[in-house]
Amino acid sequence: MAYLGVPKNTIEILQKYEFRFQKKYGQNFLVDTNVLERIMDAAGITGEDCVLEIGPGIGTMTQYLAERAREVVAVEIDRNLIPILEDTLSKYRNVTVINEDILKLDVRQIALEKNQGRPLKVVANLPYYITTPIIMGLFENHVPLEGITIMVQKEVADRMRTGPGSKDYGALSLAVQYYSRPELVANVPPNCFIPRPNVGSAVIHLARHDKPPVQVQDERKLFAFIRAAFNQRRKTLANSLQNAPGLGVTREQVAAVLEKMGLSATVRGEALTLEQFAVLCDLL
Ligand code: SAM
C-alpha cells in the first residue's frame with residue numbers, strides 16, 4: 001500500500017472508494033510529509049509506546065504511527081472510512097481501528113486493555129468542531145497520558161498558550177496550563193490539507209505535568225469557578241460567580257475574598273492568573 005502523505009496517493013484512494021467528505025465531521029486530510037514528520041518528532045514516539053489516534057481519516061498519520069509505535073488504537077466516527085482504513089492499513093498488525101465517537105468512548109479502558117493502565121500518547125489531527133471537549137475530556141477524566149500532540153485551529157493553539165491580559169485567555173488556557181506545558185511545534189497553512197480548511201492550523205504539543213503547578217483542595221470546584229468566571233466575559237468576577245448556578249457563593253463572600261487577595265471588587269476573571277484562581281477557590 002502506498003503512503004498517503006502525498007496528494008497523489010490520497011486522491012487515488014479517495015477516488016477508488018468514491019469517498020464523500022462529511023463537513024459535519026471536520027474532515028480535512030493531511031497531505032504534507034514534512035508536517036507529518038514534525039508531528040512524529042514532537043510526539044517522540046518509540047517502539048515502547050501505545051498511541052491513541054483520534055480521527056484517523058483514511059489512515060495517513062496512522063501509517064506513520066504504526067511504523068514507529070508498539071501499538072496504535074485509532075478511533076474514527078465515520079463508518080464510511082472503515083473499509084478504506086482496512087485497505088490502507090492492511091500491512092500493519094499493530095493497529096486497532098474502533099468505529100466510535102471519541103466523546104463516547106472510555107479512554108481509560110483503552111489504556112487498561114492495550115497498555116496495562118500505563119500512560120498513552122495521544123496524536124491527532126483533530127476535528128476542529130470538538131477540539132475543546134476532546135482535550136478537556138482527556139484531562140478531566142484523568143486518562144493516563146504522557147503527552148498530547150495535536151493539530152488544532154491556529155487560534156485554539158494561541159488560546160492554549162496565552163496568559164492574563166490577552167483576549168485569547170480563557171477557561172481553555174487555564175485548563176491546558178493546569179494539566180500540561182503547551183509548546184507550539186509548527187504553523188500549518190491550509191494548502192497542506194485536502195480539502196483546504198478556511199482557517200490556519202497549528203501543531204501543539206502538551207507535555208503532561210507530573211504534578212499541577214498549583215495546589216487546590218478540590219480540582220472540580222476550581223474548574224467550575226473558572227468556567228463561571230469566563231461564561232460572561234464582560235461581567236465582573238463578583239457578578240459572574242454569584243450568578244452561577246451550582247457554585248453556592250454569595251456576592252458578599254466573593255467581595256470579602258477579593259479584598260483579602262488584594263484584588264479590586266470590579267476585577268474581571270480574565271485578569272486572574274491560575275495561582276489566583278486556585279487561592280480564590282480554596283478561600284471560597
Ligand atoms: N487524521 C486524518 C488526517 O490527518 O488526514 C484525518 C483528520 S480530520 C481533520 C478529522 C478526523 O476525525 C476525520 O476523519 C473525522 O471523520 C474524524 N472525527 C470527527 N469527529 C469524530 C469523533 N467525534 N470521534 C472520532 N473521530 C471523529
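Ligands are counted one by one from 1 in listed order, and the atoms in each one are counted from 1 as well.
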When you measure from [atom] to every protein heavy atom, which one gives the shortest distance, and what is it?
atom: atom 26 (N) of ligand 1; value: Ile77 N, 3.3 Å
atom: atom 5 (O) of ligand 1; value: Leu30 N, 2.8 Å
atom: atom 2 (C) of ligand 1; value: Pro56 O, 3.3 Å
atom: atom 16 (O) of ligand 1; value: Glu76 OE2, 2.6 Å
atom: atom 4 (O) of ligand 1; value: Asn125 ND2, 2.8 Å
atom: atom 1 (N) of ligand 1; value: Gly55 O, 2.8 Å
atom: atom 19 (C) of ligand 1; value: Tyr25 O, 3.2 Å
atom: atom 23 (N) of ligand 1; value: Asp101 OD1, 2.8 Å

Of all the heavy atoms in [X], does at least one lie under 4.0 Å from an atom in ligand 1?
X: Met151; answer: no
X: Leu103; answer: no
X: Ile54; answer: no
X: Gln27; answer: yes

Self-check item: Minimal non-hydrogen separation, Leu4 against Gln63, with atom names
Solution: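 In terms of heavy atoms, the two residues are closest at N-OE1, 3.1 Å.
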Self-check item: Minimum heavy-atom distance between Val35 and Cys192, given as atom pair plus value
Solution: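 Shortest heavy-atom separation between Val35 and Cys192 comes out as CG2-SG, 4.3 Å.
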Quiz item: How does Ala124 reach ligand 1, by side chain, by backbone, by both or by neither, if only non-hydrogen atoms under 4.0 Å count?
Solution: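 Neither part.
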Quiz prompt | Location of contacts on Phe193 toward ligand 1, heavy atoms closer than 4.0 Å | solution =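 No part of Phe193 is near ligand 1 at this cut-off.
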Numbering as shown, the atoms of ligand 1 that approach [X] to under 4.0 Å (heavy-atom distance):
X: Gly26; value: 8 (S), 9 (C), 10 (C)
X: Glu53; value: 1 (N)
X: Glu100; value: 24 (N), 25 (C)
X: Val75; value: 25 (C), 26 (N)
X: Asn28; value: 7 (C), 8 (S), 9 (C)

[X] and [Y] ion-paired at < 4.0 Å:
X: Glu219; Y: Lys221; result: no
X: Glu12; Y: Lys16; result: no
X: Glu67; Y: Lys91; result: yes
X: Glu155; Y: Arg159; result: yes

Quiz prompt | Criterion side chain to side chain contact (heavy atoms under 4.5 Å, CB included) against Ile150, the qualifying member of Val185, Ile135, Ile134, Val203 | solution =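 So, applying the side chain to side chain contact (heavy atoms under 4.5 Å, CB included) to Ile150 and each of Val185, Ile135, Ile134, Val203, only Ile135 qualifies.
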Quiz prompt | Any residue meeting side-chain contact (heavy atoms from CB on, under 4.5 Å) with Gln22, in chain and number order, not counting sequence neighbours | solution =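 Expected list: Lys24, Tyr25, Gln27, Asp78, Asn80.
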Practice problem: For the pair Tyr129 and Gln153, evaluate side chain to side chain donor-acceptor pair (under 3.5 Å) and give the outcome as yes or no after the intermediate values. | Solution: CA-CA 10 Å; Tyr129 73 109; Gln153 200 174 321; over 6 Å; no
Quiz item: Heavy atoms, side chains only, cut-off 4.5 Å: are Thr62 and Val72 in contact?
Solution: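 Contact flag for Thr62/Val72 side chains = yes.
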Self-check item: Nitrogen or oxygen atoms of Phe29 and ligand 1 under 3.5 Å apart
Solution: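 Checking ligand 1 against Phe29, no N or O pair falls under 3.5 Å apart.
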Quiz item: Does the N or O separation between Tyr129 and ligand 1 drop below 3.5 Å for any pair?
Solution: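 Such a contact does occur with ligand 1.
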Quiz item: Applying side-chain hydrogen bond (donor to acceptor under 3.5 Å, both in side chains), which residue pairs with at least one partner in residues 199-210 are found, sequence neighbours left out?
Solution: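 Of all non-adjacent pairs touching residues 199-210, those that pass side-chain hydrogen bond (donor to acceptor under 3.5 Å, both in side chains) are Tyr128-Ser201, Thr149-His205.
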Quiz item: Given Phe225 and Leu272, is the side chain to side chain contact (heavy atoms under 4.5 Å, CB included) satisfied, shown in steps?
Solution: CA-CA 12 Å; Phe225 275 116; Leu272 266 67; over 6 Å; no
Practice problem: Determine whether the aromatic ring centres of Tyr179 and Phe223 lie less than 6.0 Å apart. | Solution: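 Yes, they do, as the ring centres are separated by less than 6.0 Å.
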Quiz item: If hydrogens are left out, which of Val152, Ile102, Leu126 has an atom nearest to atom 24 (N) of ligand 1, that is, the closest non-hydrogen atom?
Solution: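 The nearest heavy atom belongs to Ile102.
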